[in-house]
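Working notes for the structure below.
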Amino acid sequence: MGNNHVTSLEIDLNSINHNLNYFKSKLKTDTKVLVVVKAFGYGSDATQIAKFLESKVDYFAVAYLDEGIALRNAGIKTPILVLHPQKSNLLKIYEYNLEPNIYSISLLKSLLELVKIKNLKKIPIHLKFNTGLNRLGFSKTNISEIVTLINCQTEVFIKSIFSHIAASEDLNEREFTLQQINDFKSIDLELTSQLNHKPFRHMLNTSGIINYANEAQFEMVRLGIGLFGFGNDVNETKKLKNVLTLKSVISQIHTIHKGESLGYNRSFKATSTIKSATIPIGHADGISRQLGKGVGYVFINNKKAPILGNVCMDVIMVNITDIDCNEGDEVIIYKTQEHIDHLAKAINTIPYELLTAISQRVNRTFKL
Ligand SMILES: *Cc1c(COP(=O)(O)O)cnc(C)c1O
């Protein structure tokens, strides 16, 4: 992709640093930090984020093989956990020195067969246990079979064991979460008492670090959205710095007279004379069509400009009737967590989805 699209996502590395240090300040100094850079680093730029953080964190995680390969191809040397490896990808995972999450007996058996055939040695794996999310993970009842499979070979070793909390941001679910933590602890005891070495343990995501650092810090945490300034809690978010600024420029200004319409399906009809600005960002760039018809808004010269009519694939039109502006002026699609939170709430979603929706067509720039 070239760098000629005027719509850009500015990534503030200084803010990333601030946010990382904020979360580190909540942890013991020897707790390892894994940064999750799946989905292009939450829609930003996984490679640049990883390069920036390489010397500051202990681990990275990605969801899928290709994301790990991209980091290795960019020269990242840090250990990388692949959260959702697939059986057919296991060999490639080793070729690229990536470390798989092994979450079922069947996946473990496939791996053990593979290491024998390929004569691989000292292969690190990470075992994920399901403690209530019911997404991926072994159950407690798998432990004896895991022990049997692992203890009769030397090619593969369990580097860490982990689990994932279902509602770490929701203190109404505190009791459930504490039960998950207890279950994980008893899984750890039962499993490691039968192994000849002790894997390290991790359970907390961003809001887990905020709410359960005392109960479940273990030896590592897995930081994701928090790095980008979202604490899944208004007060926590205030202590974080915004990382992502999405901006564009005005392509054209129109005057729409009373009775005229604008947009596909004539989705906006003027009841008085108004001025509209056309902005080169659309639903193909990650501006959900649900933000159309006044639900979403941008800022031009610090003034709110609501989206008029339907969001198009490549553009939106916004209302600038009361804004003094010209073609070529800068448009801030968003630059604060508050705005991103607002837009997400308005269309019944969460910042995670808004951020990861920013398409690869949008130019990425970096600020330090
Ligand atoms: C995505 C993910 C995380 C990070 O979660 P955040 O809420 O963004 O901090 C941690 N662990 C696992 C297993 C994940 O899939």
Side-chain angles (χ1 to χ4, degrees), residues 16 19-20 22-24 26-27 31-44 46 49-50 53 57-65 67-68 71 79-86 98-104 107 125-138 159-171 173 177 180-181 184 187 200-213 216-233 236-237 239-240 242-244 337 340-341 344 349-358:
I16 287 199
N19 297 340
L20 176 65
Y22 176 76
F23 285 97
K24 279 188 174 173
K26 291 180 175 288
L27 302 169
T31 302
K32 287 200 265 282
V33 177
L34 172 152
V35 165
V36 183
V37 290
K38 60 192 178 193
F40 301 104
Y42 287 60
S44 66
I49 302 282
L53 293 177
V57 304
D58 303 279
Y59 249 91
F60 291 118
V62 294
Y64 298 112
L65 169 70
E67 300 174 313
L71 295 184
I80 300 172
L81 168 60
V82 180
L83 292 166
H84 206 158
Q86 262 107 57
L98 304 167
E99 303 177 6
N101 163 21
I102 301 295
Y103 54 83
S104 70
L107 192 57
I125 62 173
H126 303 262
L127 299 190
K128 187 173 200 181
F129 285 89
N130 175 27
T131 52
L133 181 60
N134 290 318
R135 189 170 69 175
L136 290 179
F138 289 103
K159 193 163 169 187
S160 85
I161 61 168
F162 69 113
S163 188
H164 198 45
I165 296 176
S168 60
E169 74 282 13
D170 184 357
L171 292 176
E173 295 291 354
T177 302
Q180 279 196 274
I181 294 169
F184 181 61
I187 286 165
F200 66 90
R201 303 161 297 170
H202 44 112
M203 194 163 189
L204 301 181
N205 67 336
T206 296
S207 24
I209 299 170
I210 290 166
N211 293 324
Y212 298 97
Q217 188 168 147
F218 301 113
E219 288 77 42
M220 187 165 84
V221 296
R222 302 187 303 270
L223 180 62
I225 195 92
L227 201 64
F228 298 93
F230 295 88
N232 296 334
D233 172 283
E236 288 297 324
T237 295
K239 295 175 203 152
L240 299 167
N242 190 54
V243 170
L244 303 170
Q337 298 110 304
I340 296 168
D341 263 328
T349 184
I350 50 179
Y352 294 77
E353 190 178 359
L354 241 60
L355 301 187
T356 54
I358 305 168

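Atoms within each ligand, like the ligands themselves, are counted from 1 in listed order.
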Could you tell me, atom by atom, which parts of ligand 1 come under 4.0 Å of a heavy atom of Ile225?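 Here the atoms of ligand 1 in question are 6 (P), 8 (O), 9 (O).
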Counterpart residues, ring pair (Phe, Tyr, Trp, His ring centres under 6.0 Å), relative to His164 (two or more places apart):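 Applying ring pair (Phe, Tyr, Trp, His ring centres under 6.0 Å) to His164 gives none.
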Minimum-distance protein heavy atom relative to [atom]:
| atom | value |
| --- | --- |
| atom 2 (C) of ligand 1 | Lys38 NZ, 2.6 Å |
| atom 12 (C) of ligand 1 | His164 CE1, 3.4 Å |
| atom 8 (O) of ligand 1 | Tyr42 OH, 2.6 Å |
| atom 5 (O) of ligand 1 | Asn205 CB, 3.5 Å |
| atom 9 (O) of ligand 1 | Thr206 OG1, 2.5 Å |
| atom 11 (N) of ligand 1 | Arg222 NE, 2.8 Å |
| atom 7 (O) of ligand 1 | Tyr352 OH, 2.6 Å |

Does any N or O of ligand 1 fall below 3.5 Å from an N or O anywhere on Gly224, backbone included?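 There is such a contact, yes.
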Val36, any N or O under 3.5 Å of ligand 1 N or O: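 By distance alone, the answer is no.
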Side-chain heavy atoms of Ile225 within contact of Leu355, under 4.5 Å: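 Yes, side chains in contact.
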Give me the one residue out of Ile350, Asp341, Val243, Leu240 that meets side chain to side chain contact (heavy atoms under 4.5 Å, CB included) with Phe230.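 Answer after filtering Ile350, Asp341, Val243, Leu240: Asp341.
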Lys128 near ligand 1 by a heavy-atom separation under 4.0 Å: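 It does; at least one heavy atom falls under 4.0 Å.
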Could you establish whether Arg135 and ligand 1 come within less than 4.0 Å of each other, counting only heavy atoms on the residue side?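 Yes, Arg135 has heavy atoms under 4.0 Å from ligand 1.
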Ring of Phe200, cation from Lys32 - is the NZ or CZ under 6.0 Å from the centre and inside 45° of the axis?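 Yes, Lys32 lies over the aromatic ring of Phe200.
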